[in-house]
Protein chains: 2
Amino acid sequence: MSGNGMAGSMKGMGMTMDDNLQANMDEYLPLRDVVFKTLRQGILTGELKPGERLMEIHLANRLGVSRTPIREAIRKLELEGLVTMIPRRGAEVAQITIKSLQDVLEVRKALDALAIELACARITEEDIQLLKAACDNFEQMTKTKDSTQIAKADVELHDIIVRASHNDKLILMVNNLAEQMYRYRFEHIKDAAQHERLISEHQKIYQSLAARDAIAAAEAVKEHIDNQEKAIMIHLDK
Amino acid sequence: MSGNGMAGSMKGMGMTMDDNLQANMDEYLPLRDVVFKTLRQGILTGELKPGERLMEIHLANRLGVSRTPIREAIRKLELEGLVTMIPRRGAEVAQITIKSLQDVLEVRKALDALAIELACARITEEDIQLLKAACDNFEQMTKTKDSTQIAKADVELHDIIVRASHNDKLILMVNNLAEQMYRYRFEHIKDAAQHERLISEHQKIYQSLAARDAIAAAEAVKEHIDNQEKAIMIHLDK
DNA sequence: TTGTATTTAATTATATACAATTTAAAATAA
DNA sequence: TTATTTTAAATTGTATATAATTAAATACAA
């Protein structure tokens, strides 16, 4: 714990401006954001379990930083709904109840419907190509049987669709909602039996989007989410 | 700056348990939350203007606290989209563009539609009564010509509707969106010419909700929001 | 034993101190 | 004058110190 505060920045590396003219020197991230991402990752992957206390000194030692960036990261997680604060007792990983998941799913359905509707009207030709590539990539990944890679490809694909809505607020909110279900969605995607269906659902969404057929797209997305919901609910019961 | 950290808690008041048996002694709020609310209020009312820098020491001195709670409050405002962070330069009040407002409105329409749909199915008789009272109260308030009171009555009314959805996530998100438009909604509500229409719109919403007529309710809400949108857009152009 | 004080330890909440960085200002050279 | 360095001031980022509070452990009385 040397007391310096470098975080991803290239510091004292004898690198001059000439070395990389318009390079993105801006890979600087405040420690609070590094911690934020780390903790979020931990929560979403289940490494940090619901109900687990997040104690500042412990985390600080573990991550090799002071308590300040830890606290600031927790504030953000708090607003994101990933941790629960108990005043003067600290933070703990938010407990996810069936009710809270149902609530999230309910809202997500509405926002995904909005996203696909807007995307139909606003998606660019470029993004249609990107989406096609993402569909293909997802299919490839299912063959590798590497769940992490599959999940990543899936997130990538959905990201393209939501971004195609060109509504920044919507993008933010859908991402937040998706995040809350990440754990369960992950389990869903790990199930190889689902892969064929997922691929065909993606295909259907892509096609209706490419054709800018809002009605077909809405239907395809609804089916996709309903299936996801079922899978999650089944998974929750056990 | 005396260095104590009391905030709303009843401390050293010689109050015993007997004085108020099951009272809510828990009126304690961490300073960060006091600051959070204060800054948010400032931003939403326009006291803190878009683009204005939020400098920690200044705010700390102004509010009589240290930088720590200020920073933590800013982290939350950051995630809420009310302030923009520029690394190593600090926070500034988020610039509200027409585009960003349109985005918010677009999402809000979808979520309000969802809220009213759910509310139709789930609202309790009690809440129907509450809603009626809130409608009447709004009408009363318009007569006082006190904009702050009118706005408060309006917020109250909408709160009842959204809460009737019994979807906690939805409640949270709609409130966040409503917040982003507060400034402009306030201007809208100040316009006495709108009052009659607002009253009748509220009435229509109440009636369809009481009758649990989802279709009529959806229509009434749509009309209500569309009008609000128009008013805001007109106001923005000047 | 069981329940109630009392003390101790752990932890959060807040404040302050120090370091790194950026911005503004002043000085210097073209 | 206009650019370019250099210096100084302000500000953020991070770490640490202190205060207040809570939770746990212990001691004590019924």
Side-chain angles (χ1 to χ4, degrees), chain A residues 1-13 15-17 25-39 51-78 83-93, chain B residues 1-13 15-17 25-39 51-78 83-93:
Chain A
M1 232 139 306
S2 53
N4 84 332
M6 103 157 208
S9 61
M10 37 179 101
K11 191 174 172 181
M13 290 174 64
M15 186 179 265
T16 71
M17 259 305 170
M25 291 254 310
D26 307 315
E27 282 185 32
Y28 167 81
L29 256 191
L31 279 184
R32 58 172 180 267
D33 289 332
V34 177
V35 174
F36 174 62
K37 287 188 177 183
T38 306
L39 291 181
E52 187 171 339
R53 282 186 72 180
L54 297 176
M55 280 180 301
E56 298 167 7
I57 331 172
H58 296 278
L59 292 173
N61 292 338
R62 191 136 154 276
L63 302 181
V65 300
S66 79
R67 283 175 56 212
T68 307
I70 302 279
R71 285 180 67 85
E72 296 192 4
I74 288 177
R75 291 287 105 35
K76 292 171 72 168
L77 292 168
E78 178 190 354
V83 313
T84 306
M85 287 305 303
I86 306 170
R88 285 175 174 146
R89 177 135 199 288
E92 55 183 50
V93 179
Chain B
M1 231 138 308
S2 53
N4 85 330
M6 107 155 204
S9 62
M10 40 178 96
K11 193 176 173 180
M13 288 173 64
M15 187 178 267
T16 73
M17 261 304 170
M25 291 256 310
D26 307 315
E27 282 185 31
Y28 166 82
L29 255 192
L31 278 184
R32 58 171 181 269
D33 289 332
V34 176
V35 173
F36 175 62
K37 287 188 178 182
T38 306
L39 291 182
E52 186 171 340
R53 281 185 73 181
L54 296 177
M55 280 180 302
E56 298 167 8
I57 330 172
H58 295 279
L59 291 173
N61 291 338
R62 193 135 152 275
L63 302 181
V65 300
S66 79
R67 280 175 59 209
T68 307
I70 302 280
R71 286 179 66 87
E72 297 192 5
I74 287 178
R75 292 299 144 265
K76 293 172 73 170
L77 292 168
E78 178 190 354
V83 314
T84 306
M85 288 305 303
I86 305 169
R88 285 177 176 144
R89 179 137 198 287
E92 55 183 50
V93 179

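The chains referred to below are lettered A, B, ... by the order of the sequence lines, with proteins before strands, and numbering in each begins at 1.
- Contacts of A:R71 classified as salt bridge (Lys or Arg N to Asp or Glu O under 4.0 Å), with partners at least two apart in sequence or in another chain: A:E56, B:E72.
- The nearest whole Å value for the distance from the CD1 atom in A:I57 to the P atom in D:dT14 is 20 Å.
- If one axis is set at each end of the helix from C:dT1-D:dA30 to C:dA30-D:dT1 from five pairs, those axes are 0° apart, to 10°.
- Every residue meeting the side chain to side chain contact (heavy atoms under 4.5 Å, CB included) condition with B:I57, not counting sequence neighbours, appears here in chain and number order: B:N61, B:R67.
- Within 4.0 Å of B:R71, counting heavy atoms only, lies at least one base atom of the nucleic acid.
- When every heavy atom of A:A73 is checked against every heavy atom of A:V35, the shortest pair comes out as CB-CG1, 3.6 Å.
- Atom CZ in A:R67 sits roughly 16 Å away from atom P in C:dT16 (whole-Å rounding).
- When the nucleotides C:dT12, D:dA15, D:dG13 are ranked by their closest atom to the side chain of B:E56, D:dG13 comes out on top.
- Residues A:L59 and A:L39 form a side-chain contact, since some pair of their non-hydrogen atoms from C-beta on lies under 4.5 Å apart.
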Would A:H58 and A:R53 count as a side chain to side chain contact (heavy atoms under 4.5 Å, CB included) if you check the C-alpha gap in whole Å, the side-chain angles of each, and the deciding distance to 0.1 Å? CA-CA 10 Å; A:H58 296 278; A:R53 282 186 72 180; over 6 Å; no
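- The salt bridge (Lys or Arg N to Asp or Glu O under 4.0 Å) check on B:E78 picks up A:K76, B:R75, with sequence neighbours excluded.
- Rounded to an integer number of Å, the gap from CG of A:N61 to C1' of D:dA15 is 13 Å.
- The only option from B:L77, B:T84, B:L54 that meets the side-chain contact (heavy atoms from CB on, under 4.5 Å) definition with B:V93 turns out to be B:L54.
- Regarding contacts with the backbone of C:dA15, a side-chain N or O of B:S66 is found under 4.0 angstrom from either OP1 or OP2.
- As rounded to whole Å, 13 Å separates atom C1' of C:dT11 from atom CG of A:L59.
- Of the candidates D:dA15, C:dA15, D:dT12, D:dA15 carries the atom nearest the A:T68 side chain, counting heavy atoms from C-beta on.
- Across the protein-nucleic acid pair, A:L29 atom CG and D:dT14 atom C1' stand 15 Å apart, rounded to whole Å.
- Partners of B:R62 by salt bridge (Lys or Arg N to Asp or Glu O under 4.0 Å), not counting sequence neighbours, listed by chain and number: B:E47.
- Between B:H58 and D:dA10 there is no side-chain N or O to OP1 or OP2 distance below 4.0 Å.
- Atom-to-atom, OH of B:Y28 to C1' of C:dT12 comes out at 8 Å; the value is rounded to the nearest Å.
- We find that CD of A:E72 is positioned 14 Å from P of C:dA13, with the value rounded to whole Å.
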Between the protein and nucleotides 22-24 of chain C, list every N/O to N/O distance that falls short of 3.5 Å.
unit_1	atom_1	unit_2	atom_2	d
C:dT23	OP1	B:R89	NE	3.2

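- Whole-Å rounding puts the B:D33 CG to C:dA13 P distance at 9 Å.
- Across all strands, A:I74 comes closer than 4.0 Å to no nucleic acid atom at all (heavy-atom distances).
- Looking at every heavy atom in both residues, A:A91 comes nearest to A:I74 through CB-CG2, 3.7 Å.
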